[in-house]
Amino acid sequence: MADRVGFVGLGIMGGGMAANLVRGGTALTVYNRTAERAAPLVELGAVAERTPRAVAENSDVVIICVSDTADVEEVIFGADGVADGLAPGGLVIDTSTVSPTATRQWADRLAEVGVAFIDAPLTGGSEGAEQGTLSIMVGGADGDVERALPYLRQVGSTITHVGPVGHGQVTKLANQILVVSNMLGVAEALMFARASGLDLAKVIAAVEGGAGGSWMLSKRAPQVIDDDWRPGFRVDLQQKDLRLVLEAAGELRVPMLATGLISQLYQPLLRDGRDGDGNHALAETVARLAGQR
């Protein structure tokens with residue numbers, strides 16, 4: 001018999017993922033703190049519940065996609081949390097980007113009541129969530145990952161089992177280092193080209209197929225040119241991920257020179273209330289420093 005699946009967290013990423021699961025034929029029970037976000041899923045055929053516990057009581061597998069470490073902790077172990085509703089033999093799949101240390105602790109706590117846990121953070125922006133083309137990095141035991149694969153394949157096109165629980169989160173943090181470092185390079189290149197009087201769209205077309213090309217250049221540089229700050233991934237969430245990187249790097253005694261700098265460059269955006277802008281708004285800070293804004 002197929003697993004009954006629940007989904008908690010229907011934001012920019014979770015909403016698209018949940019929709020793809022329903023369209024793929026998965027019988028889905030959903031919950032979101034802001035209840036109206038569940039309405040489009042209900043129209044597609046999902047069933048909405050009032051609490052994470054109620055979702056878990058009607059599920060064998062629960063997928064979580066929320067913002068931060070404390071949010072996952074609350075969803076799983078808070079009042080009316082998933083841990084109170086999921087029966088032994090259940091599986092929790094956390095697709096949030098959170099602390100690797102906390103992730104391992106949650107897995108240990110759930111194992112005590114017979115519930116398995118894998119971390120499966122993802123990347124690919126809102127476009128990937130909508131199109132089902134996310135890249136997913138998975139940490140967990142082989143059997144638990146195998147059980148999760150049918151659902152992960154409905155939301156992602158690249159799924160890599162990187163090791164035991166917690167390794168998915170570490171891999172995602174490595175990804176975020178690359179994302180922001182690349183975005184800083186994109187921002188500086190656009191600043192340089194603008195100061196030189198070049199047509200920025202032509203610059204992108206000229207270089208994106210070569211060694212300087214990247215996903216961030218192709219997807220986000222055109223938005224920067226158009227002053228289009230709609231989020232594929234929000235500034236406040238990006239800054240949260242950088243905090244996680246710097247915390248983990250501190251535990252490892254690993255220097256994070258570029259990441260620390262870029263975290264500081266995001267601060268003016270947060271100060272100006274631009275939490276909900278896309279993380280490519282880093283280019284706005286760089287442009288301001290250059291006197292181009």
Side-chain angles (χ1 to χ4, degrees), residues 3-24 26-56 58-59 61-76 78 80-82 85-86 91-98 103 106 117-138 148 150-157 159 168-169 172 175-176 230-238 240-241 244 275-276 278-279:
D3 285 318
R4 301 169 300 161
V5 179
F7 204 109
V8 177
L10 304 173
I12 290 176
M13 302 298 287
M17 293 161 61
N20 282 322
L21 285 164
V22 177
R23 294 188 187 108
T26 298
L28 200 66
T29 304
V30 301
Y31 166 81
N32 193 74
R33 186 167 51 190
T34 306
E36 54 263 30
R37 283 187 178 269
L41 279 302
V42 172
E43 290 181 7
L44 289 174
V47 175
E49 287 289 356
R50 294 178 179 270
T51 65
R53 176 176 181 166
V55 169
N58 291 281
S59 304
V61 174
V62 176
I63 303 170
I64 300 171
C65 186
V66 293
S67 296
D68 206 345
T69 305
D71 301 310
V72 179
E73 177 103 21
E74 180 67 20
V75 164
I76 299 176
D80 286 323
V82 166
L86 200 56
L91 172 65
V92 173
I93 304 170
D94 181 28
T95 67
S96 317
T97 301
V98 294
T103 291
W106 299 331
F117 180 97
I118 66 172
D119 54 312
L122 35 86
T123 186
S126 58
E127 302 96 329
E130 292 170 4
Q131 297 163 13
T133 57
L134 294 166
S135 293
I136 308 173
M137 45 226 81
V138 188
Y151 314 112
L152 298 179
R153 285 174 176 149
Q154 290 182 63
V155 301
S157 56
I159 301 158
Q169 295 297 347
K172 175 59 186 292
N175 176 82
Q176 297 304 75
R230 288 175 297 172
F233 192 65
R234 291 179 357 213
V235 164
D236 58 346
L237 296 178
Q238 186 67 82
K240 177 266 298 182
D241 289 356
L244 292 171
D275 310 47
N279 61 347

Measuring only between side-chain heavy atoms, which start at C-beta, is [X] closer than 4.5 Å to [Y]?
X	Y	value
V155	I63	no
F7	L41	no
L152	L122	no
L244	K172	no
W106	V98	yes
D241	F233	yes

What are the two closest non-hydrogen atoms of [X] and [Y], and how far apart are they?
X	Y	answer
V30	A46	CG1-CB, 4.2 Å
A54	E49	CB-OE1, 3.6 Å
A38	L10	CA-CD1, 3.7 Å
V66	G9	CG1-CA, 4.1 Å
E36	P40	O-CD, 3.8 Å
R37	G11	NH1-CA, 3.9 Å

If we ignore angles and hydrogens, is there a donor and acceptor under 3.5 Å between the side chains of N175 and T123? yes
Is a donor on one side and an acceptor on the other found under 3.5 Å between the side chain of [X] and the backbone of [Y]?
X	Y	value
N20	M17	no
T95	I64	yes
K240	S67	yes
Q169	S96	yes
N58	G6	no
D119	G168	yes

Does the side chain to side chain contact (heavy atoms under 4.5 Å, CB included) test come out yes or no for L134 and M13, once each step is laid out? CA-CA 10 Å; L134 294 166; M13 302 298 287; 3.6 Å; yes
Let's go through T97 and Q176 carefully: what are the C-alpha distance in whole Å and the side-chain angles of both, what is the deciding distance for side-chain hydrogen bond (donor to acceptor under 3.5 Å, both in side chains) to 0.1 Å, and is it a yes or a no? CA-CA 10 Å; T97 301; Q176 297 304 75; 5.6 Å; no
Using the side chain to side chain contact (heavy atoms under 4.5 Å, CB included) rule, take D3 and Y151 through it: C-alpha gap first, then chi angles, then the decisive distance, then the call. CA-CA 10 Å; D3 285 318; Y151 314 112; 3.0 Å; yes
How far apart are the C-alpha atoms of V82 and V55, what are their side-chain angles, what is the distance that settles it, and do they pass the side chain to side chain contact (heavy atoms under 4.5 Å, CB included) test? CA-CA 7 Å; V82 166; V55 169; over 6 Å; no
Working to the nearest 0.5 Å, report the span between [atom1] of [X] and [atom2] of [Y].
X	Y	atom1	atom2	result
L86	I76	CG	CD1	10.0 Å
L21	L44	CG	CG	11.0 Å
D275	D236	CG	CG	5.0 Å
R234	I12	CZ	CD1	6.0 Å
S59	L91	OG	CG	11.0 Å

Full working for side chain to side chain contact (heavy atoms under 4.5 Å, CB included) between T29 and R4: CA-CA 8 Å; T29 304; R4 301 169 300 161; over 6 Å; no
